[in-house]
Amino acid sequence: MLVVDDSVVMRRLVTKALEGIAEMEIVGTAANGRIALDRIPQVNPDVLTLDIEMPEMDGLETARRVRSAHPQIRIVMCSTLTQRGAAVTLEALSSGADDYVTKPSSEDSAGQSLEALKQQLVPKLQQFLRRPPSTPLAFRPPAKTSASQVLTQPSARTAVRTKRREIVAIGCSTGGPVALSSLISALPRGFRAPVLIVQHMPPMFTRLLAERLDTQTTLHVEEAKEGSVVEAGKVLVAPGDFHMTVRRMHDKVVTALNRGTPENSCRPAADVLFRSVAETYGASAVGVILTGMGHDGLRGLEQMRAGGAWVIAQDEASSVVWGMPGAVVGAGLADKVVPLRDVAAEIARQFEGV
């Protein structure tokens with residue numbers, strides 16, 4: 001791994017966080033993007049950790065150039081918990097970065113900073129070691145779906161829908177911002193079902209993600225609030241650090257937010273949303289699981305499918321990390337497994353005639 005940061009303290013902190021971790025070796029450091037680009041051919045890293053604010057060449061420009069010249073290298077951005085840090089991180093993800101970590105707070109002690117960084121960074125790096133590096137999601141050519149990837153389910157599920165579809169619930173993590181951009185922008189004009197999204201991100205990031213998505217679709221996208229009305233043509237993104245659920249209130253359905261215990265080390269968690277959707281909508285729901293690390297969403301989709309919901313999973317070839325969708329597919333819960341480019345069409349098909 002090559003550590004790129006203009007801060008000596010941060011370079012040492014990243015190095016310290018990875019000490020003793022099997023299969024992880026720091027092969028070099030660089031103080032800015034220009035130095036990093038010169039160093040890459042010398043040390044041949046599999047992964048880059050990349051600061052955003054650097055002299056001479058910042059992290060965003062470096063990510064673009066690395067992605068163009070070295071598409072096999074995984075890029076993990078190191079972001080600050082500020083509006084600018086969040087905005088630039090989202091831009092970097094859309095430009096080819098694979099994932100990100102947030103830098104420790106300046107108020108934390110040295111020990112706290114090290115532990116906080118280690119807890120974030122190690123799992124994110126390990127996810128890229130589980131399969132050979134490939135071209136990242138934003139730049140990967142369309143993949144064909146083989147017949148074996150479309151799961152054959154009992155005829156009762158494939159022949160007819162037993163109930164009118166009313167809502168779409170989506171869960172995603174690593175690679176999710178780019179996947180969501182592709183999916184939401186591809187939903188047909190006039191799509192009338194509400195869409196609920198859980199993307200694993202901290203506060204501020206989710207608001208900026210919602211604002212970004214809102215510019216890419218004719219639907220209205222916003223970060224959910226307590227009591228947001230779930231209605232046709234609206235996309236609601238769960239806010240960072242809050243679980244999102246839905247509940248019926250008189251003649252409408254609204255969102256409810258809580259800071260309950262993290263599930264699958266996540267808050268918001270897809271499982272929490274999916275369980276709530278299963279209880280509120282039953283067979284009238286469509287569940288979608290996109291690229292992401294871990295298995296969040298598995299238990300919730302199990303409950304949704306048991307209630308008659310239709311489940312769509314992104315395929316492995318188009319996923320940055322096939323952890324979340326792979327777990328759902330492995331458990332036999334997916335009615336359809338398709339490339340990202342086809343997910344919107346599969347969703348729309350469930351609402352034909354609605």
Side-chain angles (χ1 to χ4, degrees), residues 1-7 10-11 13-14 17-18 24 30 33 36 45-54 57-67 73-105 113-129 133 136-139 172-181 197-213 237-241 265-268 290-294 296 319-321 323-324:
M1 187 175 76
L2 181 63
V3 181
V4 187
D5 199 300
D6 63 323
S7 166
M10 192 63 189
R11 294 200 299 269
L13 196 61
V14 172
L18 299 181
M24 293 187 191
D46 296 314
V47 182
L48 227 65
T49 60
L50 193 54
D51 187 24
I52 290 176
E53 303 284 354
M54 295 183 293
M57 185 183 295
D58 65 15
L60 185 56
E61 179 62 22
T62 305
R64 290 174 178 149
R65 295 199 185 192
V66 170
R67 184 52 63 230
I73 295 178
R74 296 295 195 175
I75 302 171
V76 178
M77 305 302 295
C78 293
S79 173
T80 55
L81 278 171
T82 64
Q83 177 151 330
R84 170 165 170 74
V88 176
T89 299
L90 286 173
E91 183 65 27
L93 291 171
S94 69
S95 298
D98 296 289
D99 209 338
Y100 70 97
V101 295
T102 53
K103 290 187 174 183
S105 168
S113 295
L114 178 61
E115 186 59 29
L117 183 62
K118 188 172 184 176
Q119 287 183 0
Q120 287 189 82
L121 188 57
V122 171
K124 290 178 184 287
L125 294 178
Q126 286 176 331
Q127 69 186 341
F128 298 133
L129 299 177
L137 178 62
F139 298 84
C172 50
S173 184
T174 308
V178 174
L180 288 170
S181 176
I197 296 172
V198 164
Q199 161 70 52
H200 297 160
M201 276 186 159
M204 192 182 311
F205 284 69
T206 48
R207 176 175 61 81
L208 293 175
L209 173 64
E211 292 173 359
R212 188 183 187 92
L213 291 173
V237 179
D241 203 31
S265 302
C266 303
R267 189 172 62 210
L290 302 177
T291 175
M293 176 179 67
D296 185 31
S319 297
V320 172
V321 177
M324 289 165 61

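Predicted model only: the values in this text are computed from it and were never measured.
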Regarding Asp98 and Arg67, does a basic nitrogen lie under 4.0 Å from an acidic carboxylate oxygen?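 Yes, charged N to carboxylate O under 4.0 Å.
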
What pairs with [X] under side chain to side chain contact (heavy atoms under 4.5 Å, CB included), at least two apart in sequence or on another chain?
X: Ala17; answer: Leu114, Leu117, Lys118
X: Thr62; answer: Leu50, Met54, Met57, Val66
X: Gln119; answer: Glu115

Partner set under salt bridge (charged side-chain N to carboxylate O under 4.0 Å, His left out) for [X], not counting sequence neighbours:
X: Arg11; result: none
X: Arg64; result: Glu61, Glu91
X: Lys103; result: Asp5, Asp51

Between the side chains of Gln127 and Arg74, is a donor N or O closer than 3.5 angstrom to an acceptor N or O? no

Least distance between heavy atoms, [X] atom then [Y] atom:
X: Met10; Y: Pro104; result: CE-CD, 4.3 Å
X: Pro268; Y: His200; result: O-CD2, 3.4 Å
X: Leu290; Y: Met324; result: O-CB, 4.0 Å

Distance-only, no hydrogens or angles: does the [X] side chain make a donor-acceptor pair with backbone N or O of [Y] under 3.5 Å?
X: Gln120; Y: Thr102; value: yes
X: Thr206; Y: Met201; value: no
X: Thr89; Y: Gly85; value: yes
X: Thr291; Y: Gly176; value: no

